[in-house]
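The sequence lines fix the lettering, A, B, ..., with proteins before strands; numbering per chain opens at 1.
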Protein chains: 2
Amino acid sequence: MRAKIEVFLKSGVLDPQGETIKRALHTLGYESIKDVRQGKVFYIEIEDDNPEKTIEEIARKVLANPVIEDFKWEIEK
Amino acid sequence: MRAKIEVFLKSGVLDPQGETIKRALHTLGYESIKDVRQGKVFYIEIEDDNPEKTIEEIARKVLANPVIEDFKWEIEK
């Protein structure tokens, strides 16, 4: 089955990439964009008896840096 | 309102980052992971009369490279 994990910076953590994209969009005329924050997304193919446990563990221990990042995940059966 | 844009490699395009993560997970004992592909996600705050048009345009013209990437977006009102 397929799982998706999103990893994003905690609110309050500066996101220079997102800031740069916002400024670029303003330069291109997209003034209606008020904020941009960038995150990572992982599409995972998993064959597991307890995919929820494994995906949660991978997200927490491997893919996200808990000091500055949060994550959420879902499983598409 | 908030929008979310996901940008991911087209199927068939090699994803060395995803491959590296998969191998790392196997090394850590997560053998049930069969495939990993990594993408980008953009969380956008927008104030626009036609946010659908603007978000679609930004995704297509600015955030995704149409040669190797696909995208999808949604607006959370």
>> Are there residues of residues 52-66 of chain B whose heavy atoms fall under 4.5 Å of chain A's heavy atoms? If so, which?
In response: B/T54, B/E57, B/I58, B/K61, B/V62, B/L63

>> So for A/L25, is it side chain, backbone, both, or neither that comes closer than 4.5 Å to the heavy atoms of chain B?
In response: side chain

>> With a sphere of 6.0 Å drawn around CG of B/N50, does it hold more than 12 non-hydrogen atoms of other residues, nucleotides or ligands?
In response: yes

> Just one of B/Q38, B/R37, B/E6 clears the side chain to side chain donor-acceptor pair (under 3.5 Å) bar with A/Y43, so which one?
Replying inline: B/E6

> With a 4.5 angstrom heavy-atom cut-off, which part of B/F42 approaches chain A: side chain, backbone, both or neither?
Replying inline: both

> Quick one: do B/I68 and B/F71 end up in the same hydrophobic cluster if we chain Ile, Leu, Val, Met, Phe, Trp and Tyr together by side-chain heavy atoms under 4.5 Å apart?
Replying inline: no

> Can you tell me how far the CD atom of A/E31 sits from the CD1 atom of B/I46, to the nearest 0.5 Å?
Replying inline: 12.0 Å

> For chain A, which residues of residues 8-20 of chain B have at least one non-hydrogen atom nearer than 4.5 Å to it?
Replying inline: B/F8

>> Below 4.5 Å, heavy-atom pairs only: which of A/A24, A/P51, A/A3, A/S32 has the largest tally toward chain B?
In response: A/S32

> From B/E47 CD over to A/I33 CD1, what is the distance, rounded to the nearest 0.5 angstrom?
Replying inline: 10.0 Å

> Quick one: of A/V36, A/I5, A/D35, who has the most non-hydrogen atom pairs under 4.5 Å with chain B?
Replying inline: A/D35

> Relative to chain A, which segment of B/I21 carries a heavy atom at a distance below 4.5 Å: side chain, backbone, both, or neither?
Replying inline: side chain

